[in-house]
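Reading through the C-alpha cells given below for one structure.
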Amino acid sequence: MSLAGKNIFVTGGLGFIGSHTVLVLLEHGATVHLIDNLSNSFPRVFEHMKKLAGDKADKMKFTKCDINDKETLTKIFEKETFDCVIHFAGYKAVGESVDKPLEYYHNNFVGTVILLEVMRAFKCKNMVFSSSCTVYGLPEEVPITESAPLKAISPYGRTKLFQEDMFRDIAVSDKEWRILLLRYFNPIGAHPSGDLGEHPVGIPNNLMPYIQQVALGQREFLRVFGNDYPTPDGTAVRDYIHVMDLAEGHVSAVVKTLATPDLGCTPINLGTGKGSSVLEMVKAFESASGKKVEYKLVDRRPGDSVAVWAATETAEKELGWKSKYDVDDMCKHQWAWASKYPQGYDTPL
C-alpha cells in the first residue's frame with residue numbers, strides 16, 4: 001500500500017489523531033500539508049512529529065490556519081495541488097457542545113462548508129472525513145453496523161451527522177466527489193515511542209486521559225458513572241481502538257478513495273469489534289503503569305449507552321484493514337507517553 005507521489009492535505013493535523021495519522025501517511029510515501037488553528041493542540045507537537053518522521057520530515061509542512069479562514073485556505077490551494085483531503089478539524093466534546101451549541105455548529109459545520117467550497121474551486125473532490133460513532137446515538141443493538149439508524153443525541157453528534165448529510169447530498173449532485181466517512185469509536189493509546197500522545201486541554205472529557213492523570217497523581221480519583229449496567233462487572237462497555245490502528249485505517253481509506261471512481265459517499269466503522277468495560281480499562285492501565293488508579297462509583301450519566309462496539313466486517317472487506325493492537329498495548333503505549341511527558345506538551349524538555 002503506497003501513497004508515493006500523492007500530496008495529502010490534513011486539517012486538524014496537530015491534534016491527537018491527526019498527528020499520528022500524518023506520521024503514518026509519511027511512512028507510506030505521501031507528502032503532507034497540515035493545518036491546525038491550535039485551539040486544542042500545541043505548536044510543540046510539530047517538533048515531536050519532525051523528530052519521529054526522521055528523514056521524511058521534509059515531506060511534511062505545517063501552516064497555522066483555521067478551516068473558517070477561506071483566504072488562507074485559498075492561498076494554500078493556489079500554491080499546491082492536493083490529491084485528497086483528510087478532515088479532522090472540529091470541536092469534539094459532547095458536554096461542551098450542550099453548553100455551546102452555536103460555537104459547535106459554526107466551527108464544525110460552517111467551517112466544513114468553507115473547506116468544501118475551496119476544494120471544489122480547485123477541483124480537489126476526494127475527502128476522508130473524521131466522523132464518529134456518536135452519529136448512532138443510543139444504539140438499539142451491538143455490534144453496530146454502518147446501516148444502523150442515525151440519530152445523534154448531542155449538538156456535537158448532530159454536527160457530525162449534519163456534515164455527513166451534506167456530504168451525501170454533494171455526492172448525489174456531483175459524481176466527481178468521493179467521500180469516505182470514517183466513524184470511529186474510542187481512540188486511545190499513543191505512539192509506541194512515547195513521544196507523541198494525547199494532551200487534552202482542561203479537564204479530560206474521555207476516560208483514558210482521566211485514568212492517566214489519576215495514575216500520575218494529578219487527580220485524586222476517577223468517577224465511574226454507573227455500576228448497575230447489565231454487563232459482566234456492571235460498568236459501561238466501549239470499543240477502544242489504538243490511535244496507531246486508527247491512523248493506518250486513514251491511510252487505507254485514502255488509498256480506497258483514490259482508487260474508487262464511483263465511491264460516492266460511503267460510511268465505514270473503525271473499531272476493534274470488541275468491547276471493554278470501564279473497570280477492565282482501569283485494571284489494564286494499572287497493570288501497564290504499576291500504579292493504583294483510585295475510583296469511586298457514582299450514579300449513571302443521563303444519555304450514556306450500556307454497551308457500544310463496532311461491527312468491523314465492512315472495514316476489513318472494503319479497506320483491507322483491521323486493528324492489530326489490544327487493550328494491553330494501548331495502555332502500555334499510553335503509559336510510555338504519560339511517564340515521559342507527565343504534563344503532556346507542557347513538560348519541560
Practice prompt. Would you mind listing every salt bridge (charged side-chain N to carboxylate O under 4.0 Å, His left out) that reaches into residues 134-157, with sequence neighbours excluded?
Written response: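 Found E140-K151.
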[atom2] on [Y] to [atom1] on [X], rounded to 0.5 Å:
| X | Y | atom1 | atom2 | result |
| --- | --- | --- | --- | --- |
| D304 | R238 | CG | CZ | 5.5 Å |
| N68 | N37 | CG | CG | 8.5 Å |
| L115 | I35 | CG | CD1 | 7.0 Å |
| Q334 | S339 | CD | OG | 10.5 Å |
| Y91 | E103 | OH | CD | 7.5 Å |
| N186 | C133 | CG | SG | 5.5 Å |

Is the shortest side-chain heavy-atom distance between [X] and [Y] below 4.5 Å?
| X | Y | answer |
| --- | --- | --- |
| V251 | E27 | no |
| E294 | E220 | no |
| K322 | T312 | no |
| S277 | P232 | no |
| H20 | L23 | no |
| W177 | M119 | yes |
| Q212 | F285 | yes |
| H28 | V254 | no |

Would [X] and [Y] show up in the same hydrophobic cluster when neighbours are defined by side-chain heavy atoms closer than 4.5 Å?
| X | Y | answer |
| --- | --- | --- |
| V298 | V293 | no |
| L319 | V243 | yes |
| V224 | I203 | yes |

If we ignore hydrogens and angles and just use 3.5 Å, is the side chain of [X] paired with the main-chain N or O of [Y] as donor and acceptor?
| X | Y | value |
| --- | --- | --- |
| E313 | T145 | no |
| S289 | K291 | yes |
| N126 | D83 | yes |
| R178 | C84 | no |
| S252 | E248 | yes |
| D99 | E96 | no |
| Y240 | G189 | no |
| D326 | D328 | yes |
| K340 | S193 | yes |
| N205 | V94 | no |

Under 3.5 Å, which donor-acceptor pairs link side chains of residues 7-18 to any protein atom two or more places apart or in another chain?
residue, atom, partner, partner atom, Å
N7, ND2, E80, OE1, 2.9
N7, ND2, T81, O, 3.2
T11, OG1, H87, ND1, 2.7
T11, OG1, F88, N, 3.0
T11, OG1, A89, N, 3.0

Worksheet item: Does a salt bridge link E286 with K283, judged by any charged N lying under 4.0 Å from a carboxylate O?
Response: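 No, E286 and K283 are not salt-bridged.
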Discussion item. Check this for me: does any side-chain nitrogen of one of K51 and E47 sit under 4.0 Å from a carboxylate oxygen of the other?
Written reply: no
Discussion item. Enumerate the ring pair (Phe, Tyr, Trp, His ring centres under 6.0 Å) contacts for residues 293-322, please, sequence neighbours excluded, ordered by first and then second residue.
Written reply: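 Listed by first then second residue: nothing to list.
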Item to complete: Name all residues meeting the ring-ring contact (aromatic ring centres under 6.0 Å, His included) criterion together with Y229; count only those two or more places apart in sequence or in a different chain, and write none if there are none.
Response: none
Hey, can you pull the donor-acceptor pairs under 3.5 Å for the side chains in residues 264-276, sequence neighbours left out?
residue, atom, partner, partner atom, Å
T266, OG1, L263, O, 2.9
N269, OD1, Y136, OH, 2.8
N269, ND2, I144, O, 2.9
T272, OG1, D239, OD1, 2.7
T272, OG1, K274, N, 3.1
T272, OG1, K274, O, 3.2

Contact summary for [X] and [Y], nearest pair of heavy atoms:
| X | Y | value |
| --- | --- | --- |
| P200 | Q213 | CG-NE2, 4.4 Å |
| G202 | R219 | O-NH2, 4.2 Å |
| D245 | S323 | OD2-CB, 3.4 Å |
| A284 | V327 | CB-CG1, 3.7 Å |
| L26 | A53 | CD1-CB, 3.8 Å |
| L138 | G303 | CD2-O, 3.0 Å |

Give a yes or no on this: more than 12 heavy atoms of other residues, nucleotides or ligands lie within 6.0 Å of atom [atom1] of [X].
| X | atom1 | result |
| --- | --- | --- |
| D299 | CG | no |
| R120 | CZ | no |
| K100 | NZ | no |

Practice prompt. Apply the test ring-ring contact (aromatic ring centres under 6.0 Å, His included) to residues H250 and Y184: give CA-CA distance (whole Å), side-chain angles for both, the deciding distance (0.1 Å), then the verdict.
Written response: CA-CA 11 Å; H250 285 79; Y184 23 94; 5.4 Å; yes
Fill in: Distance-only donor-acceptor check, side chains D346 and Y341, under 3.5 Å
no
Worksheet item: Taking atom types as modelled, is there a side-chain donor on T314 or E318 under 3.5 Å from an acceptor on the other?
Response: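 Short answer, no.
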Name the atoms and distances for all side-chain donor-acceptor pairs under 3.5 Å in residues 153-162, with sequence neighbours left out.
residue, atom, partner, partner atom, Å
S154, OG, G157, N, 3.0
R158, NH1, A152, O, 3.4
T159, OG1, N108, ND2, 3.1
T159, OG1, Y156, O, 2.6
K160, NZ, S130, O, 2.7

Worksheet item: What orientation do F129 and F167 show, parallel under 30°, tilted 30 to 60°, or perpendicular over 60°?
Response: perpendicular
Worksheet item: So Y345 and W337, would you call those rings parallel, tilted or perpendicular, with 30° and 60° as cut-offs?
Response: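 Ring orientation, 0 to 90° scale: tilted.
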Worksheet item: In this structure, which one of L297, T235, I211 forms a side chain to side chain contact (heavy atoms under 4.5 Å, CB included) with V278?
Response: T235
Fill in: Within 45° cone and under 6.0 Å: R301 NZ/CZ vs F225 ring
yes
